[in-house]
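Working notes, structure below.
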Amino acid sequence: MKPSFSLLVAAFLTVAVAFGVRAEIGPNTILSVRVADAINPVQADFITQQLARANAEGARAFLIEIDTPGGLDTSMRQII
């Protein structure tokens, strides 16, 4: 069974809100992401992609807010 388009949009918006994604990036921008759950491979990929985006687009800084009980060691090391 394929997920519906509206379900995919709802999932994307939930992830975007949960991670605190900001749309505009520039030399005076501080990009931030927020994680409020256990660290897993999906979150690690998202954080590293956003860090690469911040670097590529010249953001002034990158802030990671983490409220987590821990998570997978490999995922946490990927973020580091």
Side-chain angles (χ1 to χ4, degrees):
M1 182 165 82
K2 295 171 111 178
S4 70
F5 179 75
S6 60
L7 181 61
L8 291 174
V9 170
F12 172 77
L13 292 174
T14 301
V15 169
V17 169
F19 286 101
V21 177
R22 286 182 50 170
E24 64 279 349
I25 292 183
N28 294 317
T29 300
I30 298 174
L31 180 68
S32 68
V33 294
R34 184 174 188 276
V35 178
D37 202 357
I39 302 298
N40 61 49
V42 173
Q43 291 174 334
D45 286 342
F46 177 78
I47 292 170
T48 55
Q49 288 171 0
Q50 292 303 305
L51 178 57
R53 177 181 171 214
N55 283 330
E57 296 185 25
R60 181 179 205 129
F62 184 75
L63 173 69
I64 304 174
E65 295 180 71
I66 300 177
D67 181 10
T68 180
L72 295 174
D73 179 66
T74 53
S75 297
M76 290 187 282
R77 289 183 189 276
Q78 179 183 347
I79 293 168
I80 293 170

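Position 1 is the first residue of the sequence; numbering continues from there.
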**Study point:** Stepwise side-chain contact (heavy atoms from CB on, under 4.5 Å) test for Ile47 and Val35
**Key:** CA-CA 9 Å; Ile47 292 170; Val35 178; 3.4 Å; yes
**Study point:** Under 3.5 Å donor-acceptor, Thr68 side chain and Gly70 backbone
**Key:**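 Yes, Thr68 side chain to Gly70 backbone: donor-acceptor pair under 3.5 Å.
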Can you tell me how far the [atom1] atom of [X] sits from the [atom2] atom of [Y], to the nearest 0.5 Å?
X: Ile79; Y: Arg77; atom1: CD1; atom2: CZ; value: 12.0 Å
X: Phe62; Y: Leu51; atom1: CZ; atom2: CG; value: 5.0 Å
X: Met76; Y: Thr74; atom1: CE; atom2: OG1; value: 8.5 Å

Are any non-hydrogen side-chain atoms of [X] and [Y] less than 4.5 angstrom apart?
X: Ser32; Y: Ile64; value: no
X: Thr29; Y: Arg60; value: no
X: Ile39; Y: Leu72; value: no

Exercise for review: Given side-chain contact (heavy atoms from CB on, under 4.5 Å), test Val33 with Glu65 step by step and report yes or no.
Suggested key: CA-CA 6 Å; Val33 294; Glu65 295 180 71; over 6 Å; no
Point to revise | Atom of Gln78, atom of Ala44 and distance for their closest heavy-atom approach | key: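 Minimum heavy-atom contact is OE1-CB, 3.6 Å.
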Point to revise | Closest contact, heavy atoms only, Ala38 versus Pro69 | key: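 Residues Ala38 and Pro69, closest heavy atoms: N-CD, 4.1 Å.
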